[in-house]
Amino acid sequence: MGTDEYLHKELTEDIVGASMAVLNKLKPGLKEKAYENALVIELRKRGHEIEQQRQFDVIYDGVVVDTMIPDLIVDGKVIVDPKCVIDFSETHIAQMIGYLAITGLRVAPLCNFKKSRLQWKRIVK
């Protein structure tokens, strides 16, 4: 396994731990925004800097063609996208790869709050 797989490993582990804490307190069944906002509170309690809903221009041939808005950027290093879905799909993974490409960041854990046990997947570019 390459070293990139472990890029920001401790930060990712803390994000997953914070996500588990949020799910344990709030339980499943809420809207994604509730988990996102609670995760911001939990991560800040743990000493992390959070950017929520920051806009990034999507540029093609020097022209802005759209904007992307990842849910959370933690410590300027990792994108976090809380989900409430039955299971992760290729669309969710593709969205995170797109976010990583546009932001220039390299790691993005997906966290799924739909079930009583947190589901998560680490996307690395």
Side-chain angles (χ1 to χ4, degrees):
M1 295 197 173
T3 56
D4 282 351
E5 186 168 334
Y6 297 103
L7 184 65
H8 306 309
K9 183 178 187 281
E10 290 175 8
L11 178 54
T12 303
E13 288 172 351
D14 204 25
I15 291 165
V16 170
S19 297
M20 287 177 181
V22 166
L23 184 57
N24 285 338
K25 281 187 183 177
L26 293 182
K27 307 300 182 209
L30 304 175
K31 295 178 184 176
E32 285 180 11
K33 196 61 158 177
Y35 299 109
E36 177 186 327
N37 290 335
L39 190 54
V40 168
I41 293 167
E42 185 64 32
L43 288 168
R44 285 186 175 146
K45 279 187 351 190
R46 294 171 181 229
H48 296 288
E49 181 183 313
I50 309 299
E51 291 179 84
Q52 191 171 14
Q53 302 292 320
R54 179 177 164 197
Q55 285 192 324
F56 291 85
D57 289 336
V58 178
I59 299 171
Y60 181 81
D61 282 347
V63 178
V64 176
V65 295
D66 200 1
T67 57
M68 281 190 140
I69 306 171
D71 289 339
L72 305 175
I73 299 176
V74 181
D75 294 344
K77 297 177 182 175
V78 174
I79 296 172
V80 181
D81 195 30
K83 296 285 185 199
C84 288
V85 295
I86 298 297
D87 205 353
F88 295 130
S89 69
E90 290 300 317
T91 302
H92 298 127
I93 295 166
Q95 179 185 33
M96 297 313 292
I97 291 169
Y99 284 167
L100 292 172
I102 296 302
T103 63
L105 300 176
R106 303 210 26 231
V107 179
L110 280 166
C111 295
N112 187 5
F113 293 86
K114 180 79 172 176
K115 301 171 186 171
S116 59
R117 185 176 178 145
L118 184 78
Q119 178 189 21
W120 62 278
K121 182 170 182 65
R122 182 180 157 96
I123 311 298
V124 180
K125 179 178 168 227

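Everything numeric in this text was worked out from a predicted model, so none of it was measured.
Val58 and Leu100 fall within the same hydrophobic cluster, where Ile, Leu, Val, Met, Phe, Trp and Tyr residues are linked whenever their side-chain heavy atoms come under 4.5 Å apart, directly or through other members. Under a hydrophobic-cluster definition in which Ile, Leu, Val, Met, Phe, Trp and Tyr are linked whenever side-chain heavy atoms come within less than 4.5 Å, directly or via other members, Val40 and Val80 are assigned to the same cluster. Hydrophobic cluster membership is shared by Val65 and Met68, with clusters built from Ile, Leu, Val, Met, Phe, Trp and Tyr side chains linked at under 4.5 angstrom. Under the 4.5 Å side-chain heavy-atom criterion for grouping Ile, Leu, Val, Met, Phe, Trp and Tyr, Val22 is connected to Leu72 within one hydrophobic cluster. Leu39 and Ile79 sit in two unconnected hydrophobic clusters of ILVMFWY residues. Membership requires side-chain heavy atoms under 4.5 Å apart, directly or through other members.
Of all the heavy atoms in Leu118 and Leu23, the pair that sits closest is N-CD2, 3.4 Å. Across every non-hydrogen atom of His48 and Leu11, the tightest pair is CE1-CD1, 3.4 Å. Between Met96 and Ala108, the shortest heavy-atom contact is CE-CB, 3.4 Å. Taking both residues in full, the closest heavy atoms of Ile86 and Gln119 are given as O-OE1, 4.3 Å, listed atom of the first, atom of the second, then distance. Closest of all the heavy-atom pairs between Cys84 and Asn112 is CA-OD1, 3.6 Å. Of all heavy-atom pairs spanning Phe113 and Ser19, the tightest one is CE2-O, 3.4 Å.
Here the CD1-CZ distance, from Ile73 to Phe56, works out to 3.5 Å after rounding to the nearest 0.5 Å. Going from atom CD1 of Ile93 over to atom CD1 of Ile123 covers 5.0 Å, rounded to the nearest 0.5 Å. For the atom pair CZ (Arg106) and CG (Leu7), the distance works out to 5.5 Å, reported to the nearest 0.5 Å. The line from CD1 of Ile50 to CD of Glu42 is 10.5 Å long, rounded to the nearest 0.5 Å. Between atom CZ of residue Arg44 and atom CZ of residue Arg46 there is a gap of 15.0 Å, rounded to the nearest 0.5 Å. One distance of note links NE2 of His92 with CG of Leu110; it measures 7.5 Å at 0.5 Å rounding.
The side-chain heavy atoms of Lys114 and Val85, taken from C-beta on, include no pair separated by under 4.5 Å.
The backbone N or O of Met20 sits less than 3.5 Å from a side-chain atom of Asn24, completing a donor-acceptor pair. Although no hydrogens or angles enter the test, the distance criterion places a donor-acceptor pair under 3.5 Å between the side chain of Asp75 and the main chain of Glu49.
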Apply side chain to side chain contact (heavy atoms under 4.5 Å, CB included) to residues Lys33 and Asn37 and explain how you reach the verdict.
CA-CA 6 Å; Lys33 196 61 158 177; Asn37 290 335; 3.7 Å; yes
Begin from the C-alpha positions of Val107 and Lys77 and carry the test side chain to side chain contact (heavy atoms under 4.5 Å, CB included) through to its verdict.
CA-CA 7 Å; Val107 179; Lys77 297 177 182 175; over 6 Å; no
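Evaluation of the salt bridge (charged side-chain N to carboxylate O under 4.0 Å, His left out) test over residues 50-69, restricted to residues two or more places apart or in two chains, returns Glu51-Arg54.
For Gln53, the CD atom counts as densely surrounded, since its 6.0 Å shell holds more than 12 non-hydrogen atoms of other residues, nucleotides or ligands. Lys121 NZ: 12 or fewer foreign heavy atoms inside a 6.0 Å radius.
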